[in-house]
Amino acid sequence: MRTVIAEDSVLFREGLARLLEDAGHEVVARVGDAPGLVAAVAKTRPDLAVVDIHMPPHEGGDGARAARSLRMDHPGLGIVLLSQHVETTATVDLVGGGGFGYLLKDRVFDVEEFLESLRRVAGGGSALDPEVVARLIGHRRTEDPLERLTAREREVLALMAEGRTNRGIARRLFLTDRTVETHVTNIMAKLGLADGVEDHRRVLAVVTYLGGR
């Protein structure tokens, strides 16, 4: 996995690069500001960009704005935004297309989970921090389609929103794979997503969960 790291803290940037290299991944560029990120992606064509939301030159969400620009210019690029605190405005408009993650920086310390999240995003999947998901569901529409779901189906959908596979959900909830498959089928039907490609339906279900925005 070829990765660009964009982080203005030299200590955190170098630590993240070391973590990825120790795991066998290639860090093709390390930059400290948003313009450097855009230039590095254009030059190196990586599989993944790991981006701090707040970076120079203005440090007011420049990383998130650069991520939106990269999504338009490089639609196949996996993008993981990192943030010290939850900022929901940076997330929903990017998650719908897949190949996107939004994690709090504390998640880096759970190395295996963090690396798995990066691999998932680089492969076109999603990885949303549970705290991000919890904040986003507070902004749902008045007419909430999720009211049709049972409590267990909501749990399954929440884990889907974190980017977990059916097998990963089964392990987390101590259910069989078949039971999770049944729950997912019921979720899709209740949300009116019974037809279509499986991966696309999962993304649509997640977008519905995050408020349908």
Side-chain angles (χ1 to χ4, degrees), residues 1-7 12-30 41 46-53 63-64 67 70-71 74-86 90-92 94-137 155-177 179-181 183-184 187 198-203 205-207 209-210:
M1 183 169 66
R2 302 175 70 256
T3 304
V4 167
I5 298 174
E7 163 64 55
F12 190 82
R13 183 172 70 234
E14 294 305 312
L16 190 56
R18 178 66 180 272
L19 186 155
L20 291 177
E21 290 171 343
D22 286 349
H25 302 300
E26 181 183 2
V27 178
V28 296
R30 314 174 193 192
V41 169
D47 305 306
L48 180 73
V50 180
V51 183
D52 186 3
I53 284 182
L70 291 174
R71 173 61 80 222
H74 307 278
L77 174 69
I79 299 172
V80 173
L81 292 181
L82 297 179
S83 179
Q84 200 70 41
H85 307 288
V86 178
T91 305
V92 175
L94 287 169
V95 72
F100 176 74
Y102 183 8
L103 303 172
L104 296 184
K105 288 186 175 181
D106 287 348
R107 302 297 171 187
V108 175
F109 298 109
D110 187 344
V111 174
E112 289 304 315
E113 182 74 17
F114 178 68
L115 290 174
E116 173 57 29
S117 295
L118 298 190
R119 285 190 289 267
R120 196 159 60 234
V121 171
S126 61
L128 296 181
D129 193 287
E131 290 189 33
V132 173
V133 173
R135 180 71 63 84
L136 286 166
I137 64 176
E155 286 183 296
V156 170
L157 185 51
L159 292 172
M160 286 170 59
E162 291 177 24
R164 299 184 185 276
T165 62
N166 285 2
R167 179 163 295 181
I169 294 169
R171 286 199 297 266
R172 176 59 67 89
L173 297 180
F174 302 101
L175 300 173
T176 65
D177 290 356
T179 298
V180 171
E181 289 173 7
H183 284 313
V184 171
I187 289 167
E198 179 63 23
D199 287 347
H200 184 59
R201 291 193 304 146
R202 288 178 80 93
V203 169
V206 167
V207 171
Y209 183 72
L210 298 179

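Scope of the values below: all heavy atoms of this structure, side chains included, with no hydrogens, waters or symmetry mates.
Shortest non-hydrogen contact noted between G63 and V51 is O-CG1, 3.7 Å. Nearest heavy-atom pair across I169 and V156 is CD1-O, 3.8 Å. Shown here for V4 and P46, the closest heavy-atom pair between the two residues is CG2-CG, 3.6 Å.
Note: L20 CG to R30 CZ = 9.5 Å, rounded to the nearest 0.5 Å. Rounded to the nearest 0.5 Å, atoms CD (E14) and CD (E7) are 10.5 Å apart. Once rounded to the nearest 0.5 Å, the distance linking CD of E181 with CG of N166 reads 6.0 Å. For the atom pair CG (L77) and CG (D47), the distance works out to 8.5 Å, reported to the nearest 0.5 Å. Distance check: Y102 OH to L82 CG gives 9.5 Å after rounding to the nearest 0.5 Å. The distance from the CD atom of E112 to the CG atom of L115 is 6.0 Å, given to the nearest 0.5 Å.
A salt bridge between E116 and R107 is absent, with no side-chain N of the basic residue lying under 4.0 Å from a carboxylate O of the acidic one. Electrostatic pairing of E21 and R18 does not count as a salt bridge here, judged by no charged N lying under 4.0 Å from a carboxylate O. A salt bridge is defined here as a Lys NZ or Arg NE, NH1 or NH2 lying under 4.0 Å from an Asp or Glu carboxylate O, and K105 with D52 meets this definition.
Residues I79 and V50 fail the side-chain proximity criterion, which asks for heavy atoms closer than 4.5 Å. L173 places none of its side-chain heavy atoms less than 4.5 Å from the side chain of V180.
Between the R120 side chain and the S126 main chain, a donor and an acceptor come within less than 3.5 Å of each other. Between the side chain of D129 and the backbone N or O of L104, at least one donor-acceptor pair lies under 3.5 Å.
With sequence neighbours excluded, the residues satisfying side-chain hydrogen bond (donor to acceptor under 3.5 Å, both in side chains) with T179 are T176. With sequence neighbours left out, the side chain to side chain contact (heavy atoms under 4.5 Å, CB included) criterion links V121 to L48, V80, A127.
Residue-environment remark: CZ (R2) exceeds the threshold of 12 foreign heavy atoms within 6.0 Å.
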